[in-house]
Amino acid sequence: MAPIVSISNLSKTYASGFEALKGVSLDIEEGEILALLGPNGAGKTTLISIICGIVNATSGKVTVGGRDVVRDFRDTRSMIGLVPQELTTDAFETVWNTVSFSRGLHGKKPDPAHIEKVLKDLSLWNKKDSTLRELSGGMKRRVLIAKALSHEPRVLFLDEPTAGVDVSLRKSMWDVVERLRASGVTIILTTHYIEEAEEIADRIAVINGGEILLVEEKDALMAKLGRKQLRVDLAHPLERIPESLSSYNLTLDEEGQCLIYDYDTSAERTGITALLAALAETGIRLRDLSTRQSSLEDIFVEIVEAGR
Amino acid sequence: MNIEAVKSIYFFEMARTRRTLLQSVVSPVISTSLYFIVFGAAIGGRIQEIDGVSYGAFITPGLMMLTLLTQCIGNGSFGIYFPKFTGTIYEVLSSPISMLEIVLGYVGAAATKGLMIGTIILITASLFVDLSIAHPFAMIFFFVLTAVTFSLFGFIIGIWAKDFEQLNLIPMLVIPPLVFLGGSFYSIDMLPPFWRAVSHFNPVLYLISGFRWSFFEISDVNPLASAAIMLVFLALCMSVLTWIFRTGYKLRN
């Protein structure tokens, strides 16, 4: 299947001389949730802005639904909904008017029933006649999502949608995202909360310094880079690792209270059973055991650090 | 053509006029009435007729132009500057809408507002002085052409301005002297030859003169020259806008 969004060799140099994107190529499949991870200034927003038509690219090509975003901008922009990072709203407008305005801008005839559904889905229905300045930050964020959904887009860009949003609202927003995905909408989100990407995304792209460092299925990425660590708390401290355990790649912490064993979860044998037996044979008494899996955050930091 | 989008922008802008009815409509009417009271009634009574037209009537086209210019530039620039300032411009830029349609929406609304206020002032003026319009079609031609041209000019200022200071620079500092010295309140025949010659470099003179001719058939310059100058200025604004849209100047860079 042809990708819904195809980015090839995209570069952007701002008038100030800042090179925000350096030859980025990326394909996004229809119906997936792609998380775009990257530190501040990595080029995430510039990339989204070019696809949506807010910023002109210096070179390269982007297609959405097989159409060129510059030449066929009417087709591509009709397919796209954008929720920007900043809470930019027209303070004096009502929720209903501003969402209806967005639908009109996208060339769609008024459809009060659709707007009503969008507002209800986002728990904004009882605020439809309030002006935007009366709303809390979280509600404004939802209004921006409602605006982006007002014209029934096939591709939705969420630029840092949960920045400054409280936990319960964040959860309800992810519910909305799940429902949208179920209805076939492709979702591209950027986020600082890596655990969110871990929870919700199908694929992860890591961008830094204007370059895509990695694009991978989330599960494959976790499996490939996901190391697990077994920590063995000892009843009595050791001065050094006994000879009998030298075949295991163990490290001893500074106080000699804890043995640390790194293993690969995807390996056929993790070696844990053998290790525990060897410990018992050596006469080492254990106080506690714990395991820890490297998170996407660790992976992310590793990749970005390696890229430096 | 994305008609829905043009309508959306147009009515969104017109809705702001409704919300700010007092400052958009009532205040220009009050200030114009004050001009008529001071210049028309209090002082005007002591000023002799100019080319057979009473002073109060003589200044009416100039006053309409003063308001029309200020309003159109103000509305045209604010309409596009405000979304730039608040950031809501992202939505217009990411919509399936061409630059021409954006201009139709914003400039159309700004020109409509200017024309509404200009008409109200004409009605207000007719309460103070006897007015007759010799060439109604020419009058409407100058009226609409000025509104559209200066709304476009305002739109360019709105895109160019990077803060409120720059936004107000031209409407506050450049337009009033040009209007006041462009024969709004006098005929340039009253000036010494040197200043009369200098006045011919003021584009607003042509505007006011042409507009006044459509009322009273008196003019400082040939009405055709007035129309030509206006059309040249309109073409100039359109060229600048085309360049802005081609390059994405200040909008997409």
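Chain naming here is simple, since letters A, B, ... match the order of the sequence lines and numbering starts at 1 in each.
- Looking at B/Tyr90 and A/Glu86, their side chains never come closer than 4.5 Å, going by heavy atoms from C-beta outward.
- Atom CZ of residue B/Arg246 and atom CG of residue A/Asn56 lie 13.0 Å apart, to the nearest 0.5 angstrom.
- Heavy atoms of other residues, nucleotides or ligands lying less than 6.0 angstrom from CZ of B/Phe85 number 12 at most.
- No part of B/Phe11 comes within reach of chain A, as not one of its non-hydrogen atoms sits under 4.5 angstrom from that chain.
- Rounded to the nearest 0.5 angstrom, A/Leu105 CG and B/Lys7 NZ are separated by 13.0 Å.
- Proximity of B/Ser98 to A/Arg74: side-chain heavy atoms (C-beta onward) are separated by under 4.5 Å at one or more points.
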Practice task
Determine, step by step, whether B/Glu4 and A/Lys108 satisfy the salt bridge (Lys or Arg N to Asp or Glu O under 4.0 Å) criterion, reporting the C-alpha distance in whole Å, the side-chain angles of both residues, the deciding distance to 0.1 Å, and the verdict.
Solution key: CA-CA 7 Å; B/Glu4 287 298 328; A/Lys108 297 257 173 147; over 6 Å; no
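- Surrounding CE of B/Met1 are more than 12 heavy atoms belonging to other residues, nucleotides or ligands, all under 6.0 Å away.
- Shown here is A/Lys120, whose NZ atom has more than 12 heavy atoms of other residues, nucleotides or ligands within 6.0 Å.
- Annotation: the span from A/Ile54 atom CD1 to B/Ser94 atom OG amounts to 4.5 Å, rounded to 0.5 Å.
- In this structure, A/Ser150 OG and B/Glu91 CD are separated by 7.0 Å, a value rounded to the nearest 0.5 Å.
- Note that CG of B/Leu93 is 11.5 Å distant from CZ of A/Phe73, once rounded to the nearest 0.5 Å.
- Around atom CE of B/Met238, no more than 12 heavy atoms belonging to other residues, nucleotides or ligands sit under 6.0 Å away.
- The CZ atom of B/Phe12 lies 10.5 Å from the OG atom of A/Ser100; values are rounded to the nearest 0.5 Å.
- Classification of B/Arg16 and A/Glu93 as a salt-bridged pair fails, no side-chain N sitting under 4.0 Å from a carboxylate O.
- Between A/Arg77 and B/Pro96, the closest heavy-atom pair is CB-N, 3.7 Å.
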